[in-house]
Amino acid sequence: MKNLEIANIFSSIAQILEIKSDNLFRIRAYERAVEILQDLDNIEEYAAADKLTEIPGIGKDLESKIKEYLSTGRIGYYEDLKKEVPLGILELLKVPSVGPKTAKLFYDELNIKDVATLEKFALEGKLLGLEGVKEKTVENILRGIDIFKRGSERIDIATAWDIAARFVSELRALKEVKRVEVAGSLRRMKETVKDIDILVASNKPQKVMDVFCGCAEVKDVFAKGITKSSVLSKGGVQVDARVVKPDSFGAALLYFTGSKNHNVKIRTIAARRNLKVNEYGVFPVTRKKSQECLASKTEEDLYKILKMQYIAPELREDTGEVEAALKNKLPKLIELKDIKGDLHAHSNYSDGKNTIREIVDAARKKGYEYIAISDHSQSLKVARGLSIADLKIKKKEIDSVNKRLKGFRVLFGTEVEIDSAGNIDYDDEILKEFDFVIAAIHSGFKQSKEQLSRRIIKACRNKNVDIIAHPTGRLWGARDSYELNFEEVFKAAKDTNTILEINSFPNRLDLGDSLIRLARQNGARFIINTDSHAVAHLDFMKFGVAMARRGWLTKQDVVNTLSLKDILKARK
DNA sequence: GCCGTTTTCGGCCCGACTGTTTTCAGTCG
């Protein structure tokens, strides 16, 4: 993806500028652009329409650099910078506790250009004696190298919530603790997270920090202060905790939830009104020493005093939510309780673990009105796709289950293959028998962007295909999204009345947040499915809903908020 | 390098912890 390529270059530029001690605000401008670009899958479409500078954070200069990359595949300014500071040094910055100043020191004094050399020198004691480096510093660097070597890959939100829950439950059990909440990117429900942030309200911070650093899940303690500590969990994830007084919990939660850019925007707007926002509250900017706190107890109080709507954590990415909140124009986001059913669950007819009955029982316990048992189709042999004969048996079972149910309906679904030419692997005669047909690509990913787009568009045009499952095919940690002409595909979905799936499975989350927004702008409709292969997976619905919220979707944008009667009408 | 309900120039969010220092710089979020 071009946006990621450019983001990586801008990120390197920011780091090189840091090492060169360049203007901090210029560095921040590049860093901000990196975050913006990471979420901008259709950068080429912006460039083609000459709309790059309409993106907040992209000005004339960055526009020209983006255009330069798109047309030539390189950025001259970056090529020049690389001559001044060898790229290897940037690797040193990935070691926790080594920042630009330290990296420059090691390079200037000892010509260290990679982590392996840094480790060697640290072990041999050759770092000692450099300005500001003593034994403790070396110790921290070696520990940082350990973390670096273990890899810095991001973890999926389901795993992260699991680890977070273990810390939270130990902390909640303390009588000194008034409140505990997960904050940071995990609270914002980012698709993946790098670390876990936990906020605690207590008047006895020391005690809380002692317990936090001694949690069963802790493997190593990086930093332990009176109100702030940082540990490595046994699962290899960094967990940060901060303790604040109960009175400032709202202010701290806002600050600790981020995103950084959201906080900066909030604080900038506050400053224009002569208000200061920090993790303790909102304060008037005066010369007086004693400052009265205007708001601090809840996040709602803070947003209110700043004269804007409350902003849900999932929206706090500085992608327009602050401006919308100031104008009272935030959408009413979809909630988990709006979901009335799940149309993508696999039974043991194909590669699922559970029987239809077991799945139905679990779905009913969730308060759903319907569930579609959507097993794989005949050509996906690895997943025991169903033959025509299998379908007849399965249909019979569903009919008999439905006869015994009241107020709940099992739908006859399928997840069919879109082959390399865009055809579906059951005939129309068979397809029309299903209540819902979900189409997906599970093979032949290596085609060009145009070919893949054509395949999906052709599937959309099939009158029997109701839903496109996991539209980009990405699997976190295993496979990148395939490239598509997104606007074209989304427009085709709209024109053919095909529903786009938001797949809730934690290693998919596909569509992801930024593509959901793009698809909505193109008029598409959505369904949030779990792609369950076991009844426990039905719980993943909350992650799909979170993606929908991050994509600014309302209940009206999502078809499985409809009653059984209405969702059946939502088909083609 | 970006940006404008004070502004097209002169600002740009704010604080905790650590290790090395005797008052602070570097790192991190």
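Letters A, B, ... mirror the listed sequences (proteins, then strands); counts begin at 1.
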Are [X] and [Y] ion-paired here, with the side-chain N under 4.0 Å from a carboxylate O?
X: A:Glu317; Y: A:Arg188; answer: yes
X: A:Lys260; Y: A:Glu35; answer: no
X: A:Lys332; Y: A:Glu335; answer: yes
X: A:Asp146; Y: A:Arg143; answer: no
X: A:Arg316; Y: A:Glu321; answer: no
X: A:Lys82; Y: A:Glu79; answer: yes

Worksheet item: Can a cation-pi geometry be assigned to A:Lys304 and A:Tyr310, taking NZ or CZ under 6.0 Å from the six-membered ring centre and within 45° of the ring axis?
Response: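 No, A:Lys304 does not lie over the aromatic ring of A:Tyr310.
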Worksheet item: Should B:dT8 form a Watson-Crick or G-U wobble pair with both distances under 3.5 Å, which nucleotide is its partner?
Response: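 Per the H-bond distance test, none.
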Discussion item. Pick the closest DNA chain B nucleotide for A:Val138 and for A:Gly57 by heavy atoms, then say which residue is nearer the 5' end.
Written reply: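 It is A:Gly57, whose closest nucleotide lies nearer the 5' terminus.
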Fill in: A:Pro56 vs A:Tyr255, nearer the 5' end of DNA chain B by closest nucleotide
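That would be A:Pro56.
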Measure [atom1]/[X] against [atom2]/[N] and give the value in whole Å, please.
X: A:Leu253; N: B:dG29; atom1: CG; atom2: P; answer: 18 Å
X: A:Leu17; N: B:dG1; atom1: CG; atom2: P; answer: 8 Å
X: A:Leu93; N: B:dG26; atom1: CG; atom2: P; answer: 14 Å
X: A:Glu135; N: B:dT18; atom1: CD; atom2: P; answer: 19 Å
X: A:Ile55; N: B:dG1; atom1: CD1; atom2: P; answer: 17 Å
X: A:Asp195; N: B:dT27; atom1: CG; atom2: C1'; answer: 14 Å
X: A:Leu302; N: B:dC14; atom1: CG; atom2: P; answer: 14 Å
X: A:Asn140; N: B:dC28; atom1: CG; atom2: P; answer: 11 Å

What does [X] touch in the nucleic acid at a heavy-atom separation under 4.0 angstrom: a base, only the sugar-phosphate, or nothing?
X: A:Ile226; value: sugar-phosphate
X: A:Thr102; value: sugar-phosphate
X: A:Arg242; value: sugar-phosphate
X: A:Lys260; value: base
X: A:Lys104; value: nothing
X: A:Asn23; value: base
X: A:Lys265; value: nothing

[X] vs [N]: side-chain N/O to OP1/OP2 distance below 4.0 Å:
X: A:Asn263; N: B:dC13; answer: no
X: A:Arg267; N: B:dC13; answer: no
X: A:Lys134; N: B:dT21; answer: yes
X: A:Lys228; N: B:dG29; answer: no
X: A:Thr227; N: B:dA16; answer: no
X: A:Lys60; N: B:dC3; answer: no
X: A:Arg32; N: B:dC12; answer: no
X: A:Thr137; N: B:dT20; answer: yes

Worksheet item: Is there a donor-acceptor pair under 3.5 Å between the side chain of A:Gln238 and the backbone N or O of A:Lys194?
Response: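 Answer holds: no.
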Taking [M] as the reference, what is the distance to [N] when you measure between their [atom1] atoms (whole Å, please)?
N: B:dC17; M: B:dT22; atom1: P; answer: 23 Å
N: B:dT20; M: B:dA25; atom1: C1'; answer: 9 Å
N: B:dG10; M: B:dA16; atom1: C1'; answer: 29 Å
N: B:dC2; M: B:dC13; atom1: C1'; answer: 16 Å
N: B:dT6; M: B:dG11; atom1: C1'; answer: 12 Å
N: B:dC14; M: B:dC9; atom1: P; answer: 25 Å
N: B:dG1; M: B:dT7; atom1: P; answer: 26 Å

Proximal nucleotide (of [options]) relative to the [X] side chain:
X: A:Ala223; options: B:dG29, B:dC14, B:dC17; answer: B:dC17
X: A:Pro96; options: B:dC14, B:dT27, B:dC28; answer: B:dC28
X: A:Tyr280; options: B:dG19, B:dG29, B:dG15; answer: B:dG15
X: A:Tyr30; options: B:dC13, B:dG1, B:dT5; answer: B:dG1
X: A:Lys136; options: B:dG1, B:dC13, B:dG19; answer: B:dG19

Worksheet item: When syn is taken as a glycosidic angle within 90 degrees of 0, is B:dT7 syn or anti?
Response: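 Base orientation relative to the sugar is syn.
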